[in-house]
Chemist: 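Submitted below is the structure of interest, expressed as structure tokens.
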Amino acid sequence: MTSLLLRVKSKMSIFAHRKARGILDGEYGSVFRGRSLDFDDLRAYVPGDEVRDIDWKASARHGSPLIKRYVAVRRQTLMLVADTGRNMAAESRDGETKKDIAVMVLGVMGYLAHRHGDVVGLVCGDANGSRTLPAKAGEAHLERLLQEVDSSTGLGSGPSRLEEQLHHVAHTVKGRKLLFVVTDELAASPGLEQLLRRLRAQHEVLWLTIRDAELSGATHSPDAFSVADAAPLLGRIAASPAVATAYETATAERDAGRHAMLRRVGISEGHVANSHDVMTELFALLERHRRAG
Amino acid sequence: MELMYWWLLPVAAAAAACAGWFVFRRGAQGNARRRPVANADRLTSLPEYQAAVRRYRRWLAVAALAAVTLLVSAAVAAARPVNLATIRPEQHNRDIVLCLDASGSMSSADAAVVDVFAKLAAEFDGERIGLTIFDSSAVQVFPLTDDYSYVQEQLEMAKDAFNGEPGSSGFLDGTWNGRGSSLIGDGLASCVESFPATDGTAQDGTAAQDGAPRSRSVVLATDNFLSGDPIFTLDQAGVLAQERDVRVYALNPGDFDYGTAAGQPGALLRAAAEATGGAYYPLDSPDAVAGIVRDVQATEAAAIQGAPRAVVTDRPDVPLTAALLSGLVLAGATWRLRP
């Protein structure tokens, strides 16, 4: 079996030659910047605290004893949330299988976390249920996560339902994590928004949307079938001007609805249409998140 | 309405079922060459798309209906729908020789006979007609022929001659060559002789070619007043007619027999005619000739009606019209559905 991680690393090395080396690591590290977890912080002294933890200078400025508090080993947990339903076995906008793009995105993100010394876990599944692969360190574990995503996604998988995985995360994942959600062009819905608001309250959330294949207009290919119900789509009808116009409007509305929903709950979103743009888009996403934070 | 090759229908149905099974089996694998796409509701939930799909389905239904109609009607047409009917065909293989006594006393009756036959000849189809006139000697005006325009022409001329029209007297030339007058036996014998031989080696060969036997009848118009010494007596001529299988229908405009005793002219003529299988008609006026001749014609026609025959008539018009129309509809629908 070819190593999926090797593919990810070679992609990253090509990117690293183009951009300043290490810039991605910096972008990843800054995801948590400005959050109280990231900082040593100060709190009022209570009896029982270590005397050597008292920050004397701050206490002098403040007028009462303050305790320096910091995490000895700052070890974050990156939780990859992936849809492995049959939606992801479909084609992306540029004709690749969306699963391959997802594996590449998850691999890059996981490898950044690995280099940063963080542990990486995975929640994946489809409408029939979700699986959790607990967060661990090491390239072998990361490879195993990617293989899990790669092998469990196919046209024979269950139908896609990301809410299922998000519910699973909300119910089972304790503590504050960095959630990295990879999915396709979902439609905004009140239920999903509420769920995301709930997750956002506990976790840091990054959202990457993999673009779906165009179903109408000039670039779409006429022979296609829906993975949801295996029903063929009528290409000639989809190509007719009236339908193409309506499709364009509806797709724009759908995208706008998703953007608005994610913006409302404070989640940064990135888009990727093929595996060549993964590095650029991910970099842009991290950058956007840093600015937003 | 029956189907000649009815077994074609199950064969066609089986072939259609096989083709349908093959197509639908391939249709089930059709997604193999299509690209999988997700979130198809982006397209399929559009009202415009759904309306277009409904239109597409309607045309598909029309095309399917037209294809089924085409298949069924073509199969039915191939199964050869026929009308089976049993008919008794009226045959037209009759030979009629008009045998007219040209003596002066007969002219009005002769004129009536040729007039009737001139009209009948217009309706003839396959019958042959000949004309022989006799007085002291017999003259064959024209032999048995189916050239009806010539027959009509000759019969018109005969009618003129019998009516004594000016310039037509030459028509009767040659009938006074012998001894005496009204040699009826000789005249009848001449008429009987004018039929081709019955052994299939006819002079003109038509009887042999036709194959079908032809009925033979002589319409003999005479008053049977013999004056002279004929070669054939009436009885001998009657026997000759029987040998040749010729029926003699005798018309007698001057039946002056008194009582029922044999030996009177009318009775002799009746005996001779009926001996051949024919009939005897005493004639009160020339106007009655038409009715009598039609009567004779009907008797002859009934006598020679053919055996009942099954007639098979192809009736492919309805299924072929249906096939044509459904083919046109199918072509139109296919054009609408072109990819």
Side-chain angles (χ1 to χ4, degrees), chain A residues 83 85-93 95-99 153-155 159-160 183-187 209-217 220-255, chain B residues 16-71 326-339:
Chain A
D83 172 10
R86 61 174 102 106
N87 264 13
M88 296 305 279
E91 285 194 359
S92 73
R93 178 157 301 182
E96 284 173 275
T97 306
K98 290 196 289 180
K99 176 183 77 172
T153 308
L155 286 173
S160 286
T183 181
D184 56 7
E185 295 184 20
L186 288 184
T209 299
I210 296 173
R211 287 287 193 188
D212 271 314
E214 290 279 17
L215 301 179
S216 175
H220 90 289
S221 115
D223 279 332
F225 72 97
S226 164
V227 292
D229 51 5
L233 300 178
L234 301 174
R236 193 170 71 86
I237 292 177
S240 71
V243 173
T245 312
Y247 169 81
E248 206 170 323
T249 314
T251 310
E253 276 175 14
R254 186 181 173 111
D255 284 346
Chain B
C18 279
W21 176 77
F22 187 69
V23 164
F24 280 108
R25 196 180 58 117
R26 272 207 4 205
Q29 303 166 342
N31 278 347
R33 57 186 177 76
R34 294 199 180 97
R35 303 176 317 137
V37 295
N39 294 324
D41 59 313
R42 286 175 298 157
L43 178 67
T44 55
S45 63
L46 296 174
E48 289 85 354
Y49 180 83
Q50 286 169 353
V53 168
R54 276 197 295 277
R55 279 199 299 278
Y56 184 82
R57 289 225 171 103
R58 272 201 292 277
W59 277 108
L60 213 55
V62 167
L65 195 67
V68 168
T69 312
L70 178 60
L71 191 68
S326 53
L328 289 175
V329 170
L330 183 60
T334 312
W335 186 77
R336 283 287 314 196
L337 293 171
R338 73 199 183 283

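No experiment lies behind these values; they were computed from the predicted model shown. Letters A, B, ... are given to chains in the order of the sequence lines, protein chains preceding strands, and every chain is numbered from 1.
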Chemist: Any idea which of A89(A), A213(A), S160(A) has the most non-hydrogen atom pairs under 4.5 angstrom with chain B?
Modeler: A213(A)
Chemist: How about E48(B) and T245(A): do any of their side-chain heavy atoms sit closer than 4.5 Å?
Modeler: no
Chemist: For A187(A), is it the side chain, the backbone, both, or neither that has a heavy atom closer than 4.5 Å to a heavy atom of chain B?
Modeler: neither
Chemist: Closer than 4.0 angstrom, basic N to acidic O: yes or no for R42(B) and D255(A)?
Modeler: no
Chemist: Given side chains that start at C-beta, do those of N87(A) and N39(B) come closer than 4.5 Å, heavy atoms only?
Modeler: yes
Chemist: Could you tell me the separation between the CD1 atom of I237(A) and the CD atom of Q50(B), rounded to the nearest 0.5 Å?
Modeler: 11.0 Å
Chemist: Pick whichever of D229(A), T251(A), T97(A), D184(A) has the most heavy-atom pairs under 4.5 Å with chain B.
Modeler: D184(A)
Chemist: Please give me the minimum heavy-atom distance between P36(B) and L155(A), naming the atom from each residue.
Modeler: CB-CD2, 3.9 Å
Chemist: Which answer fits L43(B), side chain, backbone, both or neither, if we ask what part of it has an atom under 4.5 Å from a heavy atom of chain A?
Modeler: both
Chemist: Go through A228(A), S92(A), P232(A), A231(A) and name the one with the most non-hydrogen pairs under 4.5 angstrom from chain B.
Modeler: P232(A)
Chemist: Rounded to the nearest 0.5 Å, what separates atom OG in S240(A) from atom CZ in R55(B)?
Modeler: 7.5 Å
Chemist: Please find the pair of heavy atoms, one from A224(A) and one from R34(B), that lie closest to each other, and give the distance.
Modeler: O-CD, 3.5 Å
Chemist: Hey, are the side chains of L234(A) and R57(B) touching, using non-hydrogen atoms and a 4.5 Å cut-off?
Modeler: no
Chemist: Evaluate whether atom CD of E248(A) has more than 12 neighbouring non-hydrogen atoms of other residues, nucleotides or ligands under 6.0 angstrom away.
Modeler: no
Chemist: Under 4.5 Å heavy-atom distance to chain A, tell me which part of T44(B) shows up: side chain, backbone, both or neither.
Modeler: side chain
